[in-house]
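One structure is given here, and the rest of the page talks about it.
The basis for the numbers below is simple: all heavy atoms, side chains too, and nothing from hydrogens, waters or symmetry mates. Counting begins at 1 with the first residue of the sequence.
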Amino acid sequence: MLVDLVNVSTEDGLRLDGALRTPAAAGQPTLGVDAVLCLHGTGSNFYSSNLMASLAAAIVETGAAALLVNTRGHDGISSTSAPVGRRLQGAAYEIVDACCHDITAWLRLLGERGFKRIGLLGHSLGAVKAIYSQAMRPDPAVAWVAAISPPRLSYSGFLDDTRAEEFLRDYGRAHDLVRHGRPRELIEILFPLPYAISAEGFLDKYGPEERYDALKHIERVACPLVVTYGTEELSTSAAFRGMPEAIAELPGNERRQVMLVTGADHFYAGMYAELWTRIERAVKRLLAN
């Protein structure tokens with residue numbers, strides 16, 4: 001498999017890297033797009049996810065190109081070129097709202113390469129970013145969005161979880177650090193997932209403002225939207241519990257489909273083909289309506 005290693009500079013000056021994979025032979029794409037932009041989840045990147053690699057291979061089989069990319073939240077902690085020199089980034093330091101800069105830069109690159117209609121696909125936090133970006137800064141080139149297991153980043157929802165006490169303890173630590181002028185100091189957390197995150201990053205992503213609660217933004221996605229969950233992940237956390245039902249109750253269902261993949265966990269281990277088959281059918285169905 002040959003890929004074209006590519007990079008972009010975001011409008012706030014960060015360099016991001018990715019890999020563009022194109023079909024071996026020219027043909028008519030079957031999913032209504034020339035290319036699909038693929039976004040990783042928390043702390044992942046464009047090259048290490050078996051799930052995204054499998055989906056990219058399936059996308060190319062439809063006649064579209066697949067662009068797997070880094071967002072500024074790639075890896076736990078990373079070092080990125082910025083206008084003021086090297087800058088620490090990664091999942092530990094990202095402010096999720098800045099994903100709009102990243103996605104805009106990658107869509108611009110695809111446009112410059114001649115791809116006019118784009119599918120936007122994301123997994124986990126990448127799915128939240130796909131939804132959020134098209135709600136906050138919709139791009140007319142995006143023909144559809146596929147959101148694979150977007151968690152609900154909801155402060156109130158986490159307070160209903162059995163691990164609410166642990167969550168509140170971490171929230172208190174983050175709040176105190178920011179209040180004392182130490183917003184980029186790292187704290188190690190285990191819930192809603194285990195990783196190190198800056199105090200300001202914790203408040204941004206999990207704080208009471210609930211800026212990235214997917215349920216707040218899904219209605220504003222104007223293009224067809226496919227959302228999937230694995231049945232095995234739904235009981236693991238308040239981030240997933242009840243999400244399929246809640247999304248199904250939102251207005252605008254005629255341009256949206258929510259699907260469950262029976263037996264799948266959050267990473268769809270061993271079920272990549274089943275996941276893609278479901279996404280492909282749903283996209284075709286929504287585009288035909």
Side-chain angles (χ1 to χ4, degrees), residues 3 6 16 18-23 29-42 44-71 73-74 99-100 102-107 109-111 115-135 137-139 141-151 214 217-218 221-230 247 255-259 261 264 266-268 271-287:
V3 300
V6 294
L16 299 173
L20 178 64
R21 184 173 174 182
T22 54
T30 61
L31 287 181
V33 294
D34 309 307
V36 179
L37 174 58
C38 303
L39 307 175
H40 60 77
T42 300
S44 189
N45 52 52
F46 77 86
Y47 54 84
S48 66
S49 167
N50 290 331
L51 168 61
M52 299 304 267
S54 175
L55 294 175
I59 290 165
V60 171
E61 288 297 314
T62 71
L67 176 58
L68 286 82
V69 304
N70 279 347
T71 67
H74 73 88
C99 73
C100 293
D102 304 344
I103 292 169
T104 295
W106 286 117
L107 291 173
L109 177 131
L110 285 171
F115 300 104
K116 299 186 184 307
R117 288 176 59 80
I118 313 297
L120 184 56
L121 179 149
H123 173 238
S124 196
L125 183 62
V128 174
K129 292 176 177 177
I131 292 169
Y132 181 79
S133 68
Q134 294 314 294
R137 193 191 291 191
D139 189 308
V142 175
W144 51 260
V145 173
I148 303 170
S149 297
H217 302 293
I218 283 176
V221 176
C223 64
L225 170 64
V226 176
V227 183
T228 75
Y229 287 99
I247 295 171
R255 62 176 184 276
R256 187 183 315 131
Q257 183 164 351
V258 185
M259 300 180 299
V261 179
H266 186 58
F267 297 97
Y268 297 81
M271 306 198 72
Y272 302 155
E274 172 69 13
L275 171 64
W276 176 251
T277 297
R278 302 288 296 275
I279 292 173
E280 189 175 27
R281 288 176 183 167
V283 168
K284 289 180 178 177
R285 188 178 306 121
L286 289 171
L287 291 177

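In this structure Glu61 satisfies the side chain to side chain contact (heavy atoms under 4.5 Å, CB included) test with no other residue, sequence neighbours excluded. For Ala56, the side chain to side chain contact (heavy atoms under 4.5 Å, CB included) partners at least two apart in sequence or on another chain are Ala66, Leu68. Evaluation of the side-chain hydrogen bond (donor to acceptor under 3.5 Å, both in side chains) rule for Thr277 yields no partner, not counting sequence neighbours. In this view, Arg285 and Gln257 satisfy the side-chain hydrogen bond (donor to acceptor under 3.5 Å, both in side chains) rule, not counting sequence neighbours.
Put simply, CG on Asn45 and CG on Asn70 are 5.5 Å apart, with the number rounded to the nearest 0.5 Å. Atom CD1 in Ile59 sits 4.5 Å away from atom CH2 in Trp276 (nearest 0.5 Å). Here Glu280 contributes atom CD and Lys284 contributes atom NZ; the two are 4.5 Å apart, rounded to the nearest 0.5 Å. Taking CG from Leu110 and CG from Leu20, the interatomic distance works out to 7.0 Å, rounded to the nearest 0.5 Å. To the nearest 0.5 Å, atom CG of residue Leu107 and atom CG of residue Asp102 are 11.0 Å apart.
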**Request:** Dump the intermediate steps for side chain to side chain contact (heavy atoms under 4.5 Å, CB included) on Leu39 and Trp106, then the final yes or no.
**Result:** CA-CA 10 Å; Leu39 307 175; Trp106 286 117; 5.5 Å; no
**Prompt:** So His40 and Ser49, side chain to side chain contact (heavy atoms under 4.5 Å, CB included) or not? Walk me through it.
**Reply:** CA-CA 8 Å; His40 60 77; Ser49 167; 5.9 Å; no
**Request:** Could you walk me through whether Leu55 and Ile148 pass the side chain to side chain contact (heavy atoms under 4.5 Å, CB included) test, one step at a time?
**Result:** CA-CA 11 Å; Leu55 294 175; Ile148 303 170; 3.5 Å; yes
**Message:** Assess the residue pair Leu51 and Tyr272 against the criterion (side chain to side chain contact (heavy atoms under 4.5 Å, CB included)); give the C-alpha distance rounded to whole Å, side-chain angles, the decisive distance to 0.1 Å, and a yes or no.
**Reply:** CA-CA 6 Å; Leu51 168 61; Tyr272 302 155; 3.6 Å; yes
**Request:** Apply the test side chain to side chain donor-acceptor pair (under 3.5 Å) to residues Thr228 and Tyr268: give CA-CA distance (whole Å), side-chain angles for both, the deciding distance (0.1 Å), then the verdict.
**Result:** CA-CA 10 Å; Thr228 75; Tyr268 297 81; 3.0 Å; yes
List the atom pairs, donor and acceptor, that lie under 3.5 Å between side-chain atoms in residues 120-130 and the rest of the protein, sequence neighbours left out.
{"from": "His123", "atom 1": "NE2", "to": "His266", "atom 2": "O", "distance (Å)": "2.8"}
{"from": "Ser124", "atom 1": "OG", "to": "His266", "atom 2": "NE2", "distance (Å)": "2.8"}
{"from": "Lys129", "atom 1": "NZ", "to": "Thr71", "atom 2": "OG1", "distance (Å)": "3.0"}
{"from": "Lys129", "atom 1": "NZ", "to": "Glu94", "atom 2": "OE1", "distance (Å)": "2.9"}

Kindly list each side-chain donor-acceptor pair under 3.5 angstrom involving residues 30-37, sequence neighbours excluded, with atom names and distances?
{"from": "Thr30", "atom 1": "OG1", "to": "Thr62", "atom 2": "O", "distance (Å)": "3.4"}
{"from": "Asp34", "atom 1": "OD2", "to": "Lys116", "atom 2": "N", "distance (Å)": "2.9"}
{"from": "Asp34", "atom 1": "OD2", "to": "Arg117", "atom 2": "N", "distance (Å)": "3.0"}

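Nearest heavy atom pair, residue Cys99 against residue Tyr132, reads SG-CD2, 4.0 Å. Across all non-hydrogen atoms, the minimal contact from His217 to Ile131 is CB-CG2, 3.9 Å. Across all their heavy atoms, Arg255 and Ala222 have their closest contact at CD-O, 3.4 Å. Of all non-hydrogen atoms in Ala143 and Cys223, the two that sit nearest each other are O-CB, 3.6 Å. Residues Gln134 and Asp139 approach most closely at OE1-N, 3.0 Å, considering heavy atoms. Here the closest heavy-atom approach between residue Ala19 and residue Val6 is recorded as N-CG2, 4.1 Å.
By the 4.5 Å heavy-atom criterion applied to side chains, Phe115 and Leu67 are not counted as neighbours. The shortest distance between side-chain heavy atoms of Val69 and Leu109 does not fall below 4.5 Å. Using a 4.5 Å heavy-atom threshold, the side chains of Trp144 and Leu286 count as separate.
A distance-only check finds no donor-acceptor pair linking the side chain of Tyr229 to the backbone of Pro151 [under 3.5 Å].
Within a 6.0 Å sphere centred on CZ of Arg137, other residues, nucleotides and ligands contribute more than 12 heavy atoms.
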